[in-house]
Undergrad: 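I am attaching a structure below and will ask some questions about it afterwards.
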Amino acid sequence: MSLRIAITVGDPRGIGPEIVEKVLQDPPPGADFVVLGPDDIVARYQVPGIGVGKMVSGGGQLQSAGELTGRAVEQAARMAMDGEIQAMVTGPAEKRALHAAGFEYPGHTEWLAALAGGVDVAMMLAAEGLRVVLVTTHIPLSQVLQDLTVERIVRVGRITRQALGDWFGIPDARLAVCAVNPHAGEGGLFGDEDDTVLAPAAAQLDAAGPLPADTVFLKASRGEFHAVLAPYHDVGMTAIKMVSFGKGVNVTLGLPFVRTSPDHGTAFDIAGRGIADPASMRKAVELAIELAARGTHATAPGD
Amino acid sequence: MIAVTMGDPGGIGPEVVAGAIVHAAAGREARFVVFGDGAALDRAAAAMRVADGWEACVGRAAEPGGVVVIDEQAPAAATPPEPTEVGGRASMRWVEQAIEAALRPAGDADRADAVVTGPISKQAWAMAGFGRFPGHTELFAQRCGSKRWAMMLVSPRLRVILATTHVPLLAVGSHLTTARVLETIELGTQACVRLGVASPRVAVCGLNPHAGEGGLLGDEDDHLIAPAIAAAAEQGIRASGPHPADTIFGAAVRGRHDLVVAMYHDQGLIPVKLLARDEAVNLTVGLPIVRTSPDHGTAYDIAGQGKADPGSMIAAIELALTLAPSSAADY
C-alpha cells in the first residue's frame, strides 16, 4: 500500500505556507501528499489540495486565520481516523487565532487527542541523536510539581515505550527520566521530589534515573538512551533545540495515526519574505513517512 | 600565584588537577599552590600518565610553572570513590585554606591571585557537618562577606549567568525577585566587561514556557522579570527579554547575544553542557577574589582509572590566569 500523508499549512499569516511550498518543490520520496489550507494557498502547490475556505481581510482577520487553521487540522484528523491518510504533518499555528475561532486547546497535541476520541497522548521532540518526551507541557513553572505525579510519569513512559516499539522500530527501548531539581536533588539537599516521585516512576518503567538535567541529554545524545522523559517544557525543549540545529520535529505519541510537525512557531516577523528555513518541516515530513511506513503494520485505525 | 584545590579525594579531582597543571603550567610565569593530598596527586598523575611532568612541576616549586602541594589535612589512607566524611572534611578544609590565601593582602608572599577549585561532593560536605553550604559558590560568598554574587558559566561560544543556583525547583519562584534579576544582569555585565566584551548584549530568559506567552502560562515573566530588564536598560545596559528559554541559547550561540541570564540552574546548565562538552568553566562573580572551577562533578564512577578528561580544569586554570592579573586593580 502506498502511503498518503496530509499536510496542513498552519496559520495562513505565518511561514507555514512558505515552508510547505519549499518542501513540496522537492518532496521526500515514499508517500503521496495532500495539502489542506485556505483555497488560494493550496491552489499554489504541485500536489492535490483540499481548500477549507477563504481568508477575510481587515477586522476579522485573526478569527479567520484561526478558523482556516482549525478546519484544516480537524479535516486532516478525520481523514486519518477514516484511514484515508496514514499520517498528518501540521504547519505552525497561532494559539491566539485558534482561540478567537473557538478552538480552545493548549496546542495541537491536546487537540488531536480529543479529535481521536480522548486518547492518552504525549509530545515527543525528535532530532538527530536525541528524543525527548515531555511529561508536562504548557503550564506555568510554578504548577509543574503539582502536575508531576508517579502515575503521570509512568503513563507518559508507557506511551513512549509503545511508540518507540511500534513506530520507531525500537523494541525494549532504553529510557531515562530527567530529574526535576538541580543535581537530581543531591540526595534531598535540593528538593525531595526526585527521590519521592521521579525515582519510583523510573523504577516502575524500568528506566534509568532520575538523572541530572544537565547531563542526561548529553548521555542520551551519545547513545545511552533512546528517549529522555523531561519533567517540564523548558528542560526538554531547550535540550532538543541545542542539538537539533533547527531540524527538530514534534511527534504526537499515542494517537491511532502518525502526526508530526516542525518544532518552531509561525514566525510572523519573517513571514512573506521568502527567507523561512524549511529544514524542520522537511524533517517532519520525512519522519512522518518513516513512522507511518512502520506504524501501518502496528496500529492501523479501523483494524 | 594560582591556588588550586584538589576536591574530593575519592573523585576525579586529583586526576584532573594533576593532568591540568602539567598541561597549563608549561611555559607559564605563574606558580601554583595545590591544597590537597600529595600522595593522592602522585597516584593520580601516574593514572593519567603524566607522572614525569607532575614530578617536574613539583620539583621546581619556587620557579615559574612550579607547584607546591600543601597537604597537611590529607586523609591517612586512600579514600574510596564515594562520599565520605573524611573526604568531605578534607576537601572543605582545602577550600578554606585557598580562600585564606586569596584574601591575604597584596604583596604577601603567600597570597593567591586566584582560586581554582576541584570537584567536591555536597553529600560528603554534609556528612562532615558542612551541609549548610550547598556548594563552593555559597561558601566563597560567605567567607568573603559577599552579599551580591552569582554563578556564571563561561565557554567558548556561550556565557550564562544564573539568577538562582542550588535551590529546589519548587523554591525558584520564591527566590526570584525583580531586584535579584537586576543584580544578576549587573553582575553578568561587569563580568563580561572583565572578559573583554566592552558593551555586552545581555539576553534575559523567561521563567515559564514561551516566556509566559503574554500571561497565559504564568505571570512572573511580565511582572517580575520584565521590570528588571527595563531597569537595567535605564542604566545603559543592553538588556533584552524576557526571551523563551528554548530558543534564546541558540540565538546566543549564533552570536546575537554575549550573555544569557538564566532564571534557574537547569535552565542555564543544559545548554552549556550540551554545547561545550568539557570546555565550560564555572566562574563566581561578585567576590573580591577570582574563583573558577571545572563544570563537572566528582565522577566517582570513573575515579582513579585515568579516564577523566582534564579539559574543563585546564580551561578553568586558563580563565583564572586571564582574570587574575586584573583582579588586584579591579576587585
Side-chain angles (χ1 to χ4, degrees), chain A residues 94-96 99 106-107 125 130 134 136-146 148 178-194 212-222 230-246 248 263-265, chain B residues 83 121-123 125-127 131 134-135 153 158 162 164-174 176 205-221 244-250 253 262-275 277 280 295-297 299:
Chain A
E94 196 214 16
K95 207 173 298 174
R96 234 162 35 96
H99 286 192
L125 294 312
L130 181 64
L134 302 183
T136 68
T137 51
H138 294 114
I139 54 170
L141 190 73
S142 61
Q143 202 186 310
V144 165
L145 289 165
Q146 277 160 257
L148 200 64
C178 167
V180 75
N181 289 305
H183 309 181
E186 190 105 25
L189 293 174
F190 308 150
D192 61 9
E193 296 86 356
D194 290 294
D214 56 355
T215 53
V216 69
F217 298 105
L218 190 56
K219 287 181 174 173
S221 72
R222 287 174 176 166
Y232 56 97
H233 183 277
D234 278 3
V235 279
M237 294 299 283
T238 303
I240 203 82
K241 293 203 175 177
M242 287 308 288
V243 303
S244 70
F245 298 104
D263 73 345
H264 55 70
Chain B
S121 158
K122 278 145 206 157
Q123 285 182 53
W125 275 15
M127 290 160 85
L153 289 308
L158 182 62
L162 307 182
T164 66
T165 311
H166 293 124
V167 299
L169 189 72
L170 191 62
V172 166
S174 61
L176 213 54
C205 282
L207 178 72
N208 293 299
H210 310 175
E213 194 149 344
L216 288 175
L217 304 176
D219 59 8
E220 296 93 341
D221 307 276
D246 57 351
T247 52
I248 196 60
F249 295 98
V253 171
M263 294 301 108
Y264 53 93
H265 183 276
D266 287 350
Q267 189 181 55
L269 265 77
I270 289 171
V272 168
K273 294 217 176 170
L274 275 175
L275 182 76
R277 310 268 158 151
D295 75 338
H296 55 71

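Proteins get letters first, then strands, A, B, ... in listed order; numbering begins at 1 in each.
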Undergrad: Using every non-hydrogen atom in the two residues, find where B:C205 and B:Q267 come nearest and quote the distance to one decimal.
TA: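 Heavy atoms only, the tightest pair is CB-OE1, 3.6 Å.
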Undergrad: Testing the basics here: between A:T137 and A:H233, what is the closest heavy-atom pair and its distance to 0.1 Å?
TA: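 What the structure gives for the nearest pair is O-CB, 3.3 Å.
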Undergrad: Examine whether an atom of A:M242 lies under 4.5 Å from a heavy atom of chain B, and if so say whether it belongs to the side chain, the backbone or both; otherwise answer neither.
TA: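 Answer is side chain: those atoms of A:M242 sit under 4.5 Å from chain B.
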Undergrad: Which of the residues B:G297, B:A171, B:P134, B:G268 is involved in the greatest number of heavy-atom pairs with chain A at under 4.5 angstrom?
TA: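 Highest number of heavy-atom pairs under 4.5 Å: B:P134.
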Undergrad: Quick one: are B:F249 and B:I270 in side-chain contact, heavy atoms under 4.5 Å?
TA: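 B:F249 vs B:I270: side chains apart.
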Undergrad: Side-chain contact, heavy-atom cut-off 4.5 Å: A:V243 with A:F217?
TA: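 They are not in side-chain contact.
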Undergrad: When heavy-atom pairs shorter than 4.5 Å are enumerated against chain A, which of B:H296, B:E220, B:Q123 gives the highest number?
TA: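 The candidate making the most pairs under 4.5 Å is B:Q123.
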Undergrad: Give a yes or no answer on whether the side chain of A:K241 reaches the backbone of A:D263 with a donor-acceptor pair at less than 3.5 Å.
TA: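 Yes: the side chain of A:K241 pairs with the backbone of A:D263.
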Undergrad: Return the option, out of A:H183, A:M237, A:E193, with the maximum number of heavy-atom pairs under 4.5 Å with chain B.
TA: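 Sorted descending by pairs with chain B, the first entry is A:H183.
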Undergrad: Is it the side chain or the backbone of A:L145 that comes within 4.5 Å of chain B heavy atoms, both, or neither?
TA: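 When you check distances to chain B, only side chain atoms of A:L145 fall under 4.5 Å.
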Undergrad: Is it the backbone or the side chain of A:Q143 that comes under 4.5 Å from a heavy atom of chain B, or both, or neither?
TA: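 For A:Q143, neither part sits under 4.5 Å from chain B.
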Undergrad: Would a distance-only check, ignoring hydrogens and angles, find a side-chain to backbone donor-acceptor pair under 3.5 Å from A:D214 to B:D266?
TA: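 Such a contact is absent between A:D214 side chain and B:D266 backbone.
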Undergrad: Using a cut-off of under 4.5 Å for heavy-atom pairs, which of B:N208, B:V167, B:L169 has the most such pairs with chain A?
TA: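 Ranked by contacts with chain A, first place is B:L169.
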Undergrad: Quick one: of A:C178, A:P182, A:G188, A:P106, who has the most non-hydrogen atom pairs under 4.5 Å with chain B?
TA: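 Top count of heavy-atom pairs under 4.5 Å with chain B: A:P182.
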